[in-house]
Amino acid sequence: MISEKMKKLVKNNSVIREMFEEGKKLEKLYGKENVFDFSLGNPSVPAPKEVNKAILEIIEKEDSMFLHGYMSNSGYEDVRESIANSINKKYQTLFNYKNIIMTVGAASGLNIVLKSIINPRDEVIVFAPYFSEYNNYIQNYDGKVQVVSPNLKNFEPDLEEFEQKINKNTKAVIINTPNNPTGVVYSEDTITNLTNILKKKEKEYNSQIYLISDEPYREIVYDGIKVPYVTKYYNNTIVVYSYSKSLSLPGERIGYVVIPNELSNSEEMIEAVTIANRIIGCVNAPSLMQRLIPYCLDAKVDIETYNKNRNLLYEIITKNKFECIKPQGAFYLFVKSPIDNEKEFCEIAKKHNLLFVPASSFGCPGYVRIAYCVPYEMIQKSEEAFKKLAKEIYK
Ligand code: PLP
């Protein structure tokens with residue numbers, strides 16, 4: 001018999017599973033080319049050519065006993081050093097290998113950080129709309145999720161409500177910019193104001209409140225927009241990075257965590273996060289993928305492909321009188337449901353073979369997420385379906 005805790009998780013999972021199965025069902029009925037599945041956040045741009053080239057070179061060059069062996073739970077020192085140097089060059093920081101811990105993607109990065117800091121009933125603040133897995137990750141360690149309501153004006157965080165929600169039990173805050181599901185990049189002003197609030201509250205409660213910056217979409221940005229490097233604004237920041245999107249390697253599971261020296265009790269935290277990597281069962285990040293990173297420090301996927309998708313889909317959506325802000329990053333459009341119940345809207349869209357994710361699953365009912373990490377031709381072909389959907393909705 002599975003545990004009571006797991007029973008609940010299995011039940012909650014069924015929304016996503018249902019949608020996946022629904023898509024498959026529609027494909028069988030109408031043919032794959034006539035179904036417009038905008039529900040998944042799976043990168044649609046291939047990994048840059050440097051990736052496969054480097055893998056072949058590494059396999060040729062390196063001793064396979066070493067290549068496939070265990071290493072320190074925090075990863076290879078030379079790989080970590082090369083990442084630290086690359087961040088220093090890009091953002092004028094002062095990291096070295098000790099500040100970098102290799103992880104099994106951002107998902108495990110978040111888990112090992114949360115495992116290292118949460119005592120039962122500690123609170124972690126998230127800003128709606130947010131990546132719903134945060135609920136699971138926080139509850140894995142018996143933490144409590146505190147949600148700040150969405151700011152429907154521009155989807156930057158509501159800092160007034162944020163300040164009110166901080167209390168003596170607040171252990172951490174998670175931000176995600178560029179954001180899944182809105183595509184919004186928090187401005188430098190927002191980061192400055194948010195971190196000023198945290199500094200004030202740390203003083204008030206004589207506590208440490210960790211700012212966890214979840215950054216799988218850092219490189220996926222448009223129109224030259226800059227994403228502030230958060231460790232420069234607040235000492236108790238931990239960055240969680242992933243190559244899942246920047247190198248289109250989500251199945252390979254590789255990322256890292258940055259713990260700056262300025263973080264209070266930094267050495268103790270580095271040790272805890274390293275040990276957490278082992279004891280949550282990851283042990284270490286995949287060896288071949290770690291060895292790959294120094295070859296790909298300046299490589300990234302072709303952002304222009306996503307940009308073209310963004311522009312076309314935004315045009316189709318707004319031309320058909322659906323309301324949405326133009327995203328500055330990631331690969332999602334966050335669209336206001338034209339009827340109150342966004343789940344009902346998704347059902348109507350389904351009749352036109354359009355699949356969206358209802359945003360109540362991101363803590364923001366009344367909206368839907370439309371992922372444009374899909375082939376350009378699919379977006380072109382979906383235009384008719386959007387027209388028909390608009391006609392039915394606004395008749
Ligand atoms: N955080 C956010 C906001 C995400 O959207 C995702 C994946 O889609 C993750 C974390 C997990 O990423 P990874 O594949 O690196 O574990």
Side-chain angles (χ1 to χ4, degrees), residues 74 93-95 98-101 103 106 108-128 130-131 133-149 151 156-177 186 188-215 228-241 257-277 279-280 363:
S74 48
T93 47
L94 292 168
F95 302 128
K98 290 187 188 151
N99 303 114
I100 312 291
I101 294 157
T103 65
S108 92
L110 289 163
N111 270 280
I112 59 180
V113 168
L114 293 167
K115 179 154 186 77
S116 299
I117 61 176
I118 290 182
N119 291 309
R121 290 178 295 283
D122 277 350
E123 294 181 12
V124 179
I125 297 182
V126 297
F127 296 94
Y130 63 99
F131 181 52
E133 289 296 303
Y134 294 158
N135 293 326
N136 294 328
Y137 301 163
I138 294 163
Q139 284 157 15
N140 276 345
Y141 311 105
D142 297 322
K144 202 173 145 207
V145 185
Q146 274 281 6
V147 182
V148 175
S149 323
N151 165 8
E156 290 256 3
D158 178 339
L159 294 181
E160 235 171 76
E161 187 179 322
F162 171 57
E163 185 160 0
Q164 284 161 14
K165 286 242 155 93
I166 301 176
N167 63 61
K168 63 177 178 11
N169 297 321
T170 305
K171 197 49 163 296
V173 179
I174 303 179
I175 55 170
N176 167 226
T177 161
Y186 294 176
E188 184 171 23
D189 270 359
T190 297
I191 299 294
T192 304
N193 294 336
L194 187 149
T195 50
N196 281 344
I197 293 171
L198 285 175
K199 285 176 203 164
K200 190 171 101 184
K201 290 290 172 181
E202 276 196 333
K203 261 204 195 123
E204 187 179 328
Y205 294 113
N206 190 25
S207 66
Q208 279 110 40
I209 307 174
Y210 298 102
L211 178 57
I212 303 170
S213 185
D214 177 26
E215 305 191 349
Y229 207 78
V230 189
T231 60
K232 296 169 76 172
Y233 299 79
Y234 183 64
N235 289 348
N236 279 332
T237 299
I238 299 178
V239 174
V240 176
Y241 185 87
V257 162
V258 185
I259 300 175
N261 290 342
E262 292 75 18
L263 187 118
S264 39
N265 305 105
S266 168
E267 279 184 23
E268 188 185 39
M269 184 68 80
I270 291 170
E271 195 184 2
V273 170
T274 303
I275 293 172
N277 213 9
I279 62 184
I280 69 162

(message) Looking at K115, I want to see if its NZ is surrounded by more than 12 non-hydrogen atoms of other residues, nucleotides or ligands under 6.0 Å.
(response) no

(request) Report, as yes or no, whether the 6.0 Å neighbourhood of atom NZ on K165 holds more than 12 heavy atoms from other residues, nucleotides or ligands. (result) yes

Close side-chain approach of [X] and [Y], heavy atoms under 4.5 Å:
| X | Y | answer |
| --- | --- | --- |
| Y141 | I280 | yes |
| I259 | N99 | no |
| N235 | P260 | no |
| I191 | I175 | yes |
| L194 | Y233 | no |
| I270 | L263 | no |

How far apart are the closest heavy atoms of [X] and [Y], and which atoms are they?
| X | Y | result |
| --- | --- | --- |
| D122 | I117 | OD2-O, 3.7 Å |
| I166 | I209 | CG2-CD1, 3.8 Å |
| V258 | I100 | CG2-CD1, 4.1 Å |
| R121 | K144 | O-CB, 4.4 Å |
| N151 | P157 | ND2-O, 4.2 Å |
| T170 | I125 | CG2-CD1, 3.9 Å |

(request) Start with the C-alpha gap between N261 and L94, add the side-chain angles, then the distance that decides, and say whether side-chain contact (heavy atoms from CB on, under 4.5 Å) holds. (result) CA-CA 9 Å; N261 290 342; L94 292 168; over 6 Å; no

(request) For F127, enumerate each residue passing the ring-ring contact (aromatic ring centres under 6.0 Å, His included) test, keeping only those at least two apart in sequence or located in another chain. (result) F162

(request) With sequence neighbours excluded, give me every salt bridge (charged side-chain N to carboxylate O under 4.0 Å, His left out) pair touching residues 262-276. (result) none

(message) Less than 3.5 Å apart, any donor N or O on the side chain of S264 or N236 sitting next to an acceptor on the other?
(response) yes

(message) Could you check whether N167 and Y205, counting side-chain N and O atoms only, form a donor-acceptor pair closer than 3.5 Å?
(response) no

(message) Could you check whether any side-chain N or O of T177 sits under 3.5 Å from a backbone N or O of Y186, counting only pairs where one atom can act as donor and the other as acceptor?
(response) yes

(message) Using modelled atom types and a 3.5 Å cut-off, is there a donor and acceptor pairing between side-chain atoms of T231 and backbone atoms of T237?
(response) no

(message) Taking E204 first and then K200, would you say they form a salt bridge - that is, a charged N and a carboxylate O separated by under 4.0 Å?
(response) no

(request) Look at the aromatic rings of Y134 and F131 and report parallel, tilted or perpendicular, splitting at 30° and 60°. (result) perpendicular

(message) Quick one, I174 with I138, criterion side-chain contact (heavy atoms from CB on, under 4.5 Å). Give me CA distance, side-chain angles, the key distance, then yes/no.
(response) CA-CA 10 Å; I174 303 179; I138 294 163; 4.2 Å; yes

